[in-house]
Amino acid sequence: MARDDEADFDEESIDIFRTRNSIGSDPRAESREYIDRQQPQQYAASDYVAIFDKRNLDRECLANSLHSHRIGISVFTFSGLAAWQQGKANLGTLRASLINIGSRNVSEPDLRDEITQLLTTLEPVPVVVLSDNQTLDHVLEVIDLGVHGFIPSSVDIDICIEAIGLAIAGGQFVPASSVLAMRGLLGSYPQKVCGRSAFTVRQAAVAEALRRGKANKIIARELNLCESTVKVHIRNIMKKLGATNRTEVACKVGEIMSDEIYQNSRA
């Protein structure tokens with residue numbers, strides 16, 4: 001059984017490297033790399049993810065969280081694009097970038113320009129946005145800029161890691177809540193799916209965890225199951241719901257719960 005993540009972080013030795021230009025350096029042009037000695041093989045040793053955030057404490061905390069939860073790839077942090085450009089020659093291969101915009105609104109011209117410049121400069125490297133604002137209009141505006149994913153700050157760190165991995169693999173992460181909201185606006189509700197009674201007790205627990213956006217390893221830990229068993233349950237749930245992916249499962253499970261709450265309120 002895997003050890004607790006916090007215990008892993010306490011016991012693990014972390015090498016910290018700071019890179020600055022020796023002459024005329026901007027004190028904000030500072031980066032930090034966190035190296036996991038048990039780095040998964042899918043990433044080369046020179047691969048890294050870049051975090052862009054003007055707030056020093058926020059970006060360092062996020063980098064530490066990604067590392068302690070075994071993201072499996074080096075992480076560098078930057079105050080902005082200029083800081084990255086100053087040291088990029090010595091950093092390795094950039095696989096994905098994450099820009100944390102906090103509570104800022106993408107309707108602000110300065111923020112739109114910042115994201116657009118990042119997309120243009122880093123192309124074809126995927127850019128993912130992390131935001132405190134998860135209203136539908138905001139999500140759609142961000143996606144419309146051409147980013148490769150939108151991560152609400154309310155999700156677990158494991159979901160953040162999966163979203164980054166999905167972007168690197170060529171996919172695009174959008175929160176299930178936004179998919180539900182878009183479906184509601186369009187009025188394109190699918191045929192009524194099976195009820196919760198169609199699931200076994202264990203399947204119902206897994207389905208609820210999927211609705212909450214939890215990763216497989218978190219579900220396995222909380223339900224005391226092997227990850228392979230969780231995957232089997234997910235396949236069976238998808239088959240019963242007629243779903244093709246995790247996001248669709250989350251939407252349909254949410255619909256089932258909403259229907260049941262409504263029916264109970266009328267009883």
Next item on the list: Ignoring hydrogens and angles, tell me if any N or O in the side chain of Ser68 forms a donor-acceptor pair with the backbone of Ser65 under 3.5 Å.
Entry: yes
Margin query: Do His148 and Val125 have side chains that approach each other closer than 4.5 Å (heavy atoms only, starting at C-beta)?
Written below: no
Checklist line | Glu60 side, atom CD; Arg55 side, atom CZ - distance, nearest 0.5 Å | finding: 12.5 Å
Note to self: I'd like to check Asp144 versus Val106 (side-chain heavy atoms, cut-off strictly below 4.5 Å). Are they in contact?
What the structure shows: no
Next item on the list: First locate atom CZ of Phe78, then atom CD of Gln85, and finally report the distance between them rounded to the nearest 0.5 Å.
Entry: 10.5 Å
Check: Should Leu118 and Trp84 be marked as a side-chain contact (heavy atoms from CB on, under 4.5 Å) after you check the CA-CA gap, both sets of side-chain angles, and the distance that decides it?
Finding: CA-CA 11 Å; Leu118 201 64; Trp84 172 78; over 6 Å; no
Checklist line | Exercise: identify the closest heavy-atom pair between Leu119 and Gly146 | finding: CD2-O, 3.7 Å
Notebook entry, point to check: Applying ring-ring contact (aromatic ring centres under 6.0 Å, His included), which residue pairs with at least one partner in residues 115-141 are found, sequence neighbours left out?
Noted result: His138-Phe150
Item checked: Spatial distance of atom CD1 (Ile219) from atom OG1 (Thr229) [nearest 0.5 Å] -> 12.5 Å
Item checked: Considering all heavy atoms, the nearest Ala220-Cys226 contact -> CB-C, 4.1 Å
Next item on the list: Using side-chain contact (heavy atoms from CB on, under 4.5 Å) as the criterion, point out the one residue from Val147, Leu145, Leu140 that pairs with Ile143.
Entry: Val147
Notebook entry, point to check: Residues in side chain to side chain donor-acceptor pair (under 3.5 Å) with Asp58, at least two apart?
Noted result: none
Notebook entry, point to check: Are Leu241 and Val249 close enough, and set up right, to give a side-chain contact (heavy atoms from CB on, under 4.5 Å), and what steps lead you there?
Noted result: CA-CA 7 Å; Leu241 292 175; Val249 169; 4.0 Å; yes
Margin query: Is it the case that the side chain of Asn236 and the backbone of His233 share a donor-acceptor pair, with hydrogens and angles ignored and the cut-off at 3.5 Å?
Written below: no
Next item on the list: Heavy atoms only: give me the nearest Cys160-Val155 pair and the separation to one decimal.
Entry: N-CG2, 4.3 Å
Next item on the list: May I ask you to say whether Arg212 pairs ionically with Glu208, meaning some side-chain N is under 4.0 Å from a carboxylate O?
Entry: yes
Check: Does any non-hydrogen side-chain atom of Val49 lie less than 4.5 Å from one of Ile164?
Finding: yes
Checklist line | Derivation and outcome, salt bridge (Lys or Arg N to Asp or Glu O under 4.0 Å), residues Lys252 and Glu248 | finding: CA-CA 6 Å; Lys252 291 190 175 185; Glu248 195 173 350; 3.5 Å; yes
Notebook entry, point to check: Where do Asn133 and Thr135 land on the side-chain hydrogen bond (donor to acceptor under 3.5 Å, both in side chains) test, with the steps shown first?
Noted result: CA-CA 6 Å; Asn133 185 347; Thr135 61; 3.0 Å; yes
Note to self: If I take atom CG from residue Asp156 and atom CD from residue Glu162, how far apart are they, to the nearest 0.5 angstrom?
What the structure shows: 10.0 Å
Check: What closest approach, in Å, do Leu122 and Ser97 show between heavy atoms, and which atom pair accounts for it?
Finding: CD1-OG, 3.4 Å
Notebook entry, point to check: Does any non-hydrogen side-chain atom of Leu81 lie less than 4.5 Å from one of Thr121?
Noted result: yes
Notebook entry, point to check: Can you check side-chain hydrogen bond (donor to acceptor under 3.5 Å, both in side chains) on Arg246 and Asn216, steps first, answer last?
Noted result: CA-CA 11 Å; Arg246 297 169 70 97; Asn216 286 358; 2.5 Å; yes
Check: What heavy-atom pair brings Ser74 and Ala45 nearest, and what distance separates the two atoms?
Finding: OG-O, 4.4 Å
Note to self: Any side-chain to backbone donor/acceptor pair from Thr116 onto Arg112? Under 3.5 Å, distance only.
What the structure shows: yes
Check: Is there a side-chain contact between Ile51 and Phe76, using heavy atoms and a 4.5 Å cut-off?
Finding: no
Next item on the list: Find the distance between CZ (Arg235) and CD1 (Ile237) and round it off to the nearest 0.5 Å.
Entry: 11.5 Å
Item checked: Non-hydrogen side-chain atoms of Val128 and Phe173 separated by less than 4.5 Å -> no
Notebook entry, point to check: Between Gln134 and Ser154, does a side-chain hydrogen bond (donor to acceptor under 3.5 Å, both in side chains) hold up when you go through it step by step?
Noted result: CA-CA 9 Å; Gln134 45 188 316; Ser154 58; 3.0 Å; yes
Notebook entry, point to check: Is there a donor-acceptor contact under 3.5 Å from the side chain of Arg59 to the main chain of Asp53?
Noted result: yes
Margin query: Hydrophobic cluster membership, with links at side-chain heavy-atom distances under 4.5 Å among I/L/V/M/F/W/Y: are Val232 and Leu210 in one?
Written below: no
Notebook entry, point to check: For the atom pair CG (Leu166) and CD1 (Ile161), what is the distance rounded to the nearest 0.5 Å?
Noted result: 13.5 Å
Item checked: Steps toward side-chain contact (heavy atoms from CB on, under 4.5 Å) verdict (Ile168, Tyr43) -> CA-CA 10 Å; Ile168 292 175; Tyr43 298 120; 3.6 Å; yes
Checklist line | Residues Lys214, Asp158: salt bridge by 4.0 Å N-O rule | finding: no
Item checked: Ionic contact status for Glu114 with Lys54, cut-off 4.0 Å -> yes
Notebook entry, point to check: Would you call Arg95 and Ile73 a side-chain contact if the rule is heavy atoms closer than 4.5 Å?
Noted result: yes
Margin query: Counting C-beta onward and ignoring hydrogens, is there a side-chain heavy-atom pair between Asn105 and Glu108 closer than 4.5 Å?
Written below: yes
Next item on the list: Assess whether side-chain contact (heavy atoms from CB on, under 4.5 Å) is satisfied between Asn64 and Val75, documenting all intermediate values.
Entry: CA-CA 9 Å; Asn64 270 302; Val75 178; over 6 Å; no
Next item on the list: For residues Ala167 and Pro126, report the shortest heavy-atom separation together with the two atoms involved.
Entry: O-CG, 3.6 Å
